[in-house]
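Structure record follows, encoded as structure tokens.
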Amino acid sequence: MDRYNFKKTESKWQRKWHEKELFKSELNLSKPKYYVLEMFPYPSGRIHMGHVRNYTMGDVVARFMKASGYNILHPMGWDAFGMPAENAAMENNVHPGDWTYENIKDMRNQLKPLGLSIDWTREIATCDPSYYGHQQSMFIDMLNKGLAYRKNATVNWDPVDKTVLANEQVENGLGWRSGAVVERKELTQWFFKISNYSKDLLNSLDNMPNWPEKVRLMQKNWIGKSTGLEIDFKLKNHPKGYDKLKVYTTRHDTLFGMSFAAISVDHPLTNILSKEDVNLAQFVDKSKKTATNEEAIEKAEKIGYKTNILVMNPFDEKKLFPLFVANFVLMDYGTGAIFGCPAHDQRDLDFAIKYNLDIIPVVCPSDTNVEDFKIENEAFIGPGKLINSDFINGLSIQDAKKVISQKLNGMGVGIEKTNYRLRDWGISRQRYWGCPIPVIHCNKCGIVAEKKENLPIELPKDVTFDLPGNPLNRHKEWLNTKCPNCGEDSKRETDTMDTFVDSSWYFTRFTSPKSQNPTEKEAVDYWMNVDQYIGGVEHAILHLLYSRFFCRAMFETGHVPKKVVEPFSSLFTQGMVCHETYKDDTGKWLTPNEVKEVKKVHKKRSLFSIETGKSIKVGPSVKMSKSKKNVIDPEDIIEQFGADTARWFMMSDSPPERDVEWTNSGVEAAWKHLQKVWRISYMIYKEGNNSEQDKFKITLTDNNFDNDLLRSVHNAIKNVTYCLNSFSFNKAIAYLYELTNSISNSKASSGAKKYAIKILASLMQPITPHLSQEIWSLYESSSFLYEEKWPDFIEEFLSNNEIIYPIQINGKKRSEITISKNMSNIELEKKVLELDSVKKFLKGLSPKKIIIVTGKIINVVI
RNA sequence: GCCUGCUUGGUGGAAUUUGGUAGACACAAGGGACUUAAAAUCCCUCGACUUAACAGUCGUUCCGGUUCGAGUCCGGAAGCGGGCACCA
């Protein structure tokens with residue numbers, strides 16, 4: 001018998017599928033559609049195991065839904081703009097475009113041997129002018145609708161390289177190349193008005209049952225709706241024309257616990273004051289030497305600068321509080337100013353202790369005496385009754401808020417406001433390798449959109465990366481242009497778009513990838529929405545939220561129908577692929593290929609370096625990454641074991657939403673199992689004569705071996721179908737193991753086994769398409785299993801007439817009983833009490849209670 | 001720091017729906033069959049402790065609660081991971 005030759009078989013079927021254009025999607029209004037999409041990859045040049053896992057999952061879904069009768073769209077593209085290409089350009093003196101397209105070619109070649117059912121005719125790359133030109137056109141539409149605008153924002157500024165840094169390029173507050181202390185710098189930048197949709201983006205989350213709860217929760221918190229009060233505080237010693245300070249608070253009930261106020265270092269008042277106050281200016285400079293990300297700001301020591309300005313309590317203008325400029329007050333949230341109530345806010349408390357400010361408790365927990373209630377190092381944020389608070393004493397927090405709000409409102413200094421944490425989306429990047437923002441700066445007309453007939457504004461090819469900063473700023477020919485409005489000399493915008501813009505609409509472009517417009521009505525109406533979107537949980541907030549916003553903008557500018565405002569009907573977030581880490585005696589990381597394991601002795605593993613022969617320390621299993629060298633190259637695995645083995649292993653064992661650990665033994669087990677499936681398939685094929693399969697009737701007979709096999713087969717169909725529908729690929733595989741073992745141990749007739757093995761091949765097809773097709777073709781030489789219908793299970797074959805009940809005594813399993821299905825509960829109780837194993841515990845007494853959960857369990861309470 | 005999730009044998013995990021037999025299915029390990037031998041394959045054992053055996057006690061990160069019954073529900077703690085707006 002032939003050993004299963006995966007190399008020959010896999011390439012044979014891939015070739016045939018390609019020749020038949022099996023995976024090409026056609027719009028067909030008479031058929032229900034199903035759009036499967038995995039998050040498209042960044043073309044780094046090498047696929048990794050995370051890709052294998054992601055794309056196999058999508059492929060399993062696509063093939064399963066195809067068999068279930070849907071018209072499938074399953075495309076692939078490249079998220080091709082971004083920083084790595086520019087870094088490569090700087091390091092290796094290659095053009096980012098050449099580098100990117102070379103990588104795309106390599107990755108496509110690595111992806112294809114996986115045998116994915118992808119329609120490659122729809123492939124797109126976001127760095128292609130035929131893609132980003134449409135993005136520019138939609139930007140202009142958004143500009144005209146007021147959804148794109150300019151305002152000042154802070155960036156990470158490297159004062160040595162004189163360039164803007166991404167957050168990931170800031171390491172411990174220092175620029176990654178120069179090592180200089182990074183500063184915050186203000187630039188005028190382009191923004192999308194996502195804040196227009198805060199409410200809608202939040203509320204719609206409640207109508208998305210097929211998104212993971214945790215993703216929706218994270219987005220809710222990110223959008224961060226709060227209801228509070230905007231209070232105008234009167235100031236004393238204020239600069240001219242600045243007699244009021246607007247503060248937003250959600251805790252106006254604690255107003256009488258106030259002991260200071262603070263404004264952001266970026267607050268307009270700070271700017272005014274620091275012109276007169278050298279020390280304040282220094283403080284501001286010092287505070288701005290932090291990266292722009294929230295984590296750095298939050299973790300930095302909370303410091304403040306006391307100004308001469310005093311803030312008045314609106315109810316008692318004799319009560320005056322110092323105004324600080326503080327580094328932890330964010331200009332982007334609320335009004336950029338707070339009032340501090342140290343007793344009931346941890347940050348305020350830390351600040352008050354540091355600057356020796358009053359700490360007045362104003363909310364007392366109801367189970368504590370006012371005299372005993374003390375605030376020490378921990379602020380009290382729980383519920384309680386108001387104390388030390390004049391006319392609101394004794395009220396609940398809720399009621400106190402109401403009273404304060406009404407009073408201040410009546411005085412004309414307070415207004416209730418709903419606030420969102422969500423900020424407008426800053427899309428400007430001072431970089432070359434991104435989609436150019438299609439506007440022109442004219443001295444006469446100001447900001448003017450490029451004419452649509454001039455799109456795409458292509459990136460100039462002849463650029464160099466030998467100087468810091470954006471090469472577009474140095475490219476005179478590209479930079480200088482005529483104003484589309486008045487024809488005068490003017491300059492192009494040199495900012496390019498955030499790559500999240502590229503990935504915010506690619507899924508709509510797949511529906512008509514070659515259209516002369518961003519989308520094509522008929523195609524986008526038919527194919528959208530994405531029925532199943534699959535990708536990493538690290539995209540839970542930004543990518544997914546931006547896409548939801550962008551689709552709303554596309555709807556308002558007429559590019560998609562209304563339903564597309566929520567483009568992803570179901571979302572699945574998959575876990576990462578992990579591997580052990582290895583370090584040698586010098587602390588250097590080693591790749592799994594550089595390590596050899598000698599046979600275990602008494603469960604102790606010993607590993608040594610192939611190169612030096614010295615022993616190796618095994619570290620924890622973490623996400624595969626180049627830096628820790630714990631990577632397995634999918635190409636090697638496919639070469640050694642074939643795509644089906646890689647696919648099978650990736651889907652087995654770990655549930656898809658969790659991390660999976662790559663182990664050699666796991667892959668080998670997968671490989672052995674697929675060999676076994678082939679072996680028994682081939683043996684069964686050779687058994688008896690092949691017209692015997694026609695003689696086998698799918699019905700219960702007096703052949704009990706056949707009946708048992710039939711039961712196994714139909715249970716497997718039921719379970720595998722259920723598992724594939726619910727993304728439980730690991731469980732589906734467990735059931736496939738079970739069915740394989742049943743067939744292999746069965747003494748059924750050869751006709752029954754032939755029937756069983758064909759079902760097995762069908763059920764395995766989504767996961768191991770090549771092997772399954774090869775088995776299928778033993779019997780059905782001319783048909784593609786991909787196009788065959790999914791098998792249905794037949795209820796009457798699922799079980800026999802007996803049922804086994806476990807019996808508990810006081811909730812502990814002590815015995816079991818086998819009875820016929822239709823026995824009454826009264827009869828059952830009697831039988832149970834007659835059992836020796838039950839009598840033993842009863843000791844002649846009668847039980848207090850017998851609980852029978854039909855079909856599940858019996859509990860005897862003594 | 002803030003938001004969010006996860007934790008079950010030596011290992012990955014299973015226990016669907018509304019709380020109902022903890023350890024399915026695999027891996028590793030140990031033993032055996034076949035073989036001159038090896039590879040491959042097949043069979044058996046496999047949470048811990050007690051016991052000659054029957055059987056029993058404990059056991060789902062930890063502490064506490066609800067229940068006839070808790071891996072599952074509630075309250076608290078610890079450990080590990082993801083995100084934090086310019087990585088993609």
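Numbers restart at 1 for each chain; the letters A, B, ... are given by sequence-line order, proteins then strands.
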Counting any heavy atom closer than 4.0 Å, what does [X] reach on the DNA or RNA strands: base, sugar-phosphate only, or nothing?
| X | answer |
| --- | --- |
| Gly426(A) | sugar-phosphate |
| Leu422(A) | base |
| Gln430(A) | base |
| Tyr722(A) | base |
| Lys623(A) | nothing |
| Asn741(A) | sugar-phosphate |
| Arg421(A) | base |
| Gln189(A) | base |
| Glu738(A) | sugar-phosphate |
| Asp659(A) | sugar-phosphate |
| Lys813(A) | base |
| Lys672(A) | sugar-phosphate |
| Ala669(A) | sugar-phosphate |
| Tyr735(A) | nothing |

Under 3.5 Å, is there any donor-acceptor pair linking the side chain of [X] to the base of [N]?
| X | N | answer |
| --- | --- | --- |
| Gln808(A) | G20(B) | yes |
| Glu538(A) | C84(B) | no |
| Glu294(A) | C84(B) | no |
| Asp498(A) | C86(B) | no |

Please report the distance, rounded to the nearest Å, between CE in Met683(A) and C1' in U41(B).
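Those two atoms, CE and C1', are 11 Å apart.
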To the nearest Å, give me how far apart NZ (Lys220(A)) and C1' (C84(B)) are.
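After rounding, the gap between these two atoms is 20 Å.
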Give a yes/no verdict on a cation-pi contact between Lys151(A) and Phe191(A), requiring under 6.0 Å between NZ or CZ and the six-membered ring centre and an angle within 45° of the axis.
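Pair Lys151(A)/Phe191(A) counts as cation-pi.
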Inspect the contact between Asp266(A) and Arg184(A) and indicate whether a charged nitrogen and a carboxylate oxygen are less than 4.0 angstrom apart.
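Judged by the 4.0 Å cut-off on N to carboxylate O distance, Arg184(A) and Asp266(A) do form a salt bridge.
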Where does G9(B) land, syn or anti, given syn is within 90° of 0?
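This nucleotide is in syn.
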Distance check: side-chain N/O of Arg429(A) vs OP1/OP2 of A88(B), anything under 4.0 Å?
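Checking Arg429(A) against A88(B): no side-chain N or O falls below 4.0 Å of OP1 or OP2.
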Between Phe572(A) and Phe727(A), what is the ring plane arrangement, given parallel below 30°, perpendicular above 60°, and tilted in between?
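Answer is parallel, since the angle falls under 30°.
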